[in-house]
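Owing to the predicted nature of the structure, the values given are computational and were not obtained by experimental measurement. Letters A, B, ... mirror the listed sequences (proteins, then strands); counts begin at 1.
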2 protein chains.
Amino acid sequence: MRPFTDMTRAAQLPQRSVIPVNTIGRLSLYRRLLSDQLATGARQVFSHQLAALAVTTAPQVRRDLMTIGFSGSPRRGYAIADLVTAIDDVLVRSVETAVALVGVGNLGRPVLAYYANRQPIRFAAAFDRAPEKTGRVLHGCRCYASDQMTEVVAREQIHVGVIAVPAAEAQAVCDQLVLAGVKGILNFAPVRLRVPAGLHVENVDLMMALDRVAYFAHEHR
Amino acid sequence: MRPFTDMTRAAQLPQRSVIPVNTIGRLSLYRRLLSDQLATGARQVFSHQLAALAVTTAPQVRRDLMTIGFSGSPRRGYAIADLVTAIDDVLVRSVETAVALVGVGNLGRPVLAYYANRQPIRFAAAFDRAPEKTGRVLHGCRCYASDQMTEVVAREQIHVGVIAVPAAEAQAVCDQLVLAGVKGILNFAPVRLRVPAGLHVENVDLMMALDRVAYFAHEHR
DNA sequence: GATTATCTGTGAGATGTCTCACAGCATGAG
DNA sequence: CTCATGCTGTGAGACATCTCACAGATAATC
Ligand SMILES: NC(=O)c1ccc[n+]([C@@H]2O[C@H](COP(=O)([O-])OP(=O)(O)OC[C@H]3O[C@@H](n4cnc5c(N)ncnc54)[C@H](O)[C@@H]3O)[C@@H](O)[C@H]2O)c1
Ligand SMILES: NC(=O)c1ccc[n+]([C@@H]2O[C@H](COP(=O)([O-])OP(=O)(O)OC[C@H]3O[C@@H](n4cnc5c(N)ncnc54)[C@H](O)[C@@H]3O)[C@@H](O)[C@H]2O)c1
């Protein structure tokens, strides 16, 4: 490794948004919990009840709902159905998001199965460079050769890419996806991706996750 | 859902540690990147080089290494081999961590395959309540019936549990694991688990991850 | 209609994490 | 040996997020 100049200043970090990143994550969780509650017949919920379900605190819940401009009523709490709708609006669940998977391997297949047919996420295409994988249809999702990416991403109006290829290929695939026009990436490879400023990458790094658990487990004795 | 009292005050949150949670995660990443570098023949690394690999900033790298008390040399940078050892010490990679998987399903199987035989993590046991799954050995890991959990966790000195059962079962399985004596949990079910104070839970929530990507993708246009 | 209980909305402060700038020093060159 | 270079170590401040406490509001009760 030879010396090179420092180009590591905060690049795509200033991900500015009115809604904190962590709040977005909790809203996703609240939405699922509230759907379950609706199914049980509940119509109203208090901040402390939602907090108990989400294993957080009541003020945190109220702050999150305040952040998205949703109001409740003292003594009655929040109207569950309205709240689910409000969260759906924020999380862009009212419009379908087309997604592409790259890497139909040991991980890609179960991930596709898991997400398949979950509104409003639609897996519009999968890509793999291995010829024997292309042409097939898995869970309603057609698998294309990698060199068709630009064309298919444009045609299907795909906004999000999911990377499930070996670590050594991840940056190349990421560059392809960005060039093809995706606006967000979910990355399962255990590397950090270099992307243009503003483009959001969500990393799911199982090795890191287990390292963290092991560290805190040993700290706790 | 009937009213109940607020028991949602900050409970297991004060996860106190000298090393910030995020730093632990980055150390895991640094370790892998540095191993790769060692394999290419590199012996020393500068903070800005490691920052480039990890897609972060040079001061962040120096701060992280300072936090674990590792020193470099001006003009020479950090000695890679020593740094890997230092990180291994912090991440408890110098002793084997025994892990148990609960839920040998569509997700559990590939996860087991992924982690299998990666030192120093050892999957010492798997558990499933479906009788047809028990008794078999997958990737060197024996599958037991759930009611043997307490016994096996004690015998194999298992410190960490991985939960890959349906959401509705996750809290019950978590309680079983805690009772059996695990000190940390990696949770793949899309719910938040209630655990005793101090016990660390790492959540891998794919639904939330995709919601976050979709949100920022749409924000970006 | 007045009273009361109790839940929401939110300012202000606490906490945790990241960023910046630069002093100090080890190293290689002369 | 001395000097100049350029990288590390770190204080101090910026920033993001969480927590707390309570004012104010509303629905239920009488
Ligand atoms: N298997 C798991 O359970 C698991 C868990 C967590 C993370 N991961 C990570 O996910 C990634 C994939 O793991 P896997 O086990 O599915 O690997 P895999 O080898 O089973 O599958 C990878 C797939 O990607 C395809 N591919 C490779 N390079 C490509 C490219 N440049 N363009 C398009 N397709 C390409 C291959 O043809 C293959 O089908 C790895 O980075 C791994 O670290 C895997
Ligand atoms: N399949 C995926 O790709 C995927 C991805 C992300 C998250 N998840 C989550 O992971 C979890 C498991 O998903 P899956 O697709 O593997 O489900 P699955 O139904 O294929 O497997 C679940 C396994 O858990 C076992 N089980 C159920 N209850 C149990 C209990 N109380 N004790 C012990 N074993 C029990 C079942 O016998 C089964 O073998 C779910 O919470 C799901 O939301 C799955």
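Here B/Ser47 does not reach the OP1 or OP2 of D/dC7: none of its side-chain N or O atoms lies under 4.0 Å away. Contact annotation: A/Asn22 side-chain N/O to D/dA16 OP1/OP2 distance is not under 4.0 Å. In this model, the phosphate group of D/dG9 is approached by a side-chain N or O of B/Tyr78 to a distance below 4.0 Å at OP1 or OP2.
The listed nucleotides are D/dT19, C/dC7, C/dT19; the one nearest the side chain of A/His48 is C/dC7. Distances were taken from every side-chain heavy atom of B/Pro20 (C-beta onward) to each of D/dT19, D/dG11, C/dT17; the shortest belongs to C/dT17. Of all nucleotides listed (D/dT8, C/dC20, D/dC18), D/dT8 comes nearest to the side chain of B/Phe46.
The environment of CD in A/Gln157 is sparse: at most 12 heavy-atom neighbours from other residues, nucleotides or ligands sit within 6.0 Å.
When the P atom of C/dC7 is taken as reference, atom CD of A/Gln49 falls 9 Å away, rounded to whole Å. Here C/dG16 presents its C1' atom at 14 Å from CG of B/Asp64, a figure rounded to the nearest Å. Rounding to whole angstrom units, CE of residue A/Met66 and P of C/dG11 are separated by 6 Å. The distance between atom CG of B/Leu65 and atom C1' of C/dC18, rounded to the nearest whole Å, is 15 Å. When the C1' atom of D/dA21 is taken as reference, atom CD of A/Gln60 falls 16 Å away, rounded to whole Å. Look at CD on B/Gln44: it is 18 Å from P on D/dG6, rounded to the nearest Å. Between A/Arg62 atom CZ and C/dG11 atom C1' the separation is 13 Å, expressed in whole Å. The interatomic distance linking B/Leu50 (CG) with D/dG9 (C1') rounds to 16 Å, in whole Å.
For B/Tyr30, the ring pair (Phe, Tyr, Trp, His ring centres under 6.0 Å) criterion is met by no residue, not counting sequence neighbours. For the ring pair (Phe, Tyr, Trp, His ring centres under 6.0 Å) test, no residue two or more places apart in sequence or in another chain qualifies with A/Phe188. With sequence neighbours excluded, the residues satisfying side-chain hydrogen bond (donor to acceptor under 3.5 Å, both in side chains) with B/Arg26 are B/Thr23, B/Asp64.
Remark: B/Lys183 does not engage A/Glu219 in a salt bridge, criterion side-chain N to carboxylate O under 4.0 Å. A/Asp205 has a carboxylate O that lies under 4.0 Å from a charged side-chain N of B/Arg32, or vice versa, which qualifies the two as a salt bridge. Checked for salt-bridge contact, B/Arg31 and A/Asp211 miss the test: no charged N lies under 4.0 Å from a carboxylate O.
No side-chain heavy atom of A/Gln37 sits under 4.5 Å from any side-chain heavy atom of A/Arg43.
One end of the helix from C/dG1-D/dC30 to C/dG30-D/dC1 points its axis 10° away from the other end's axis, with each axis taken from 5 pairs and the angle rounded to 10°.
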(Q) Generate the contact string for nucleotides 23-30 of chain D. Rules: B means base contact, S means sugar-phosphate contact only, - means no protein heavy atom under 4.0 Å. (A) --BBBS--
Enumerate donor-acceptor pairs with a distance under 3.5 Å from any side-chain N or O in residues 72-91 of chain B to protein atoms, sequence neighbours excluded.
unit_1, atom_1, unit_2, atom_2, d
B/Thr85, OG1, B/Ala81, O, 3.1

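Counting any heavy atom pair closer than 4.0 Å across all strands shown, B/Thr23 reaches no nucleic acid atom.
At a cut-off of 3.5 Å, with distance as the only test, a side-chain donor of B/Glu202 or B/His200 sits close to an acceptor on the other residue.
Not a single donor-acceptor pair, N or O on each side, falls under 3.5 Å between the base of D/dT17 and the side chain of A/Arg63.
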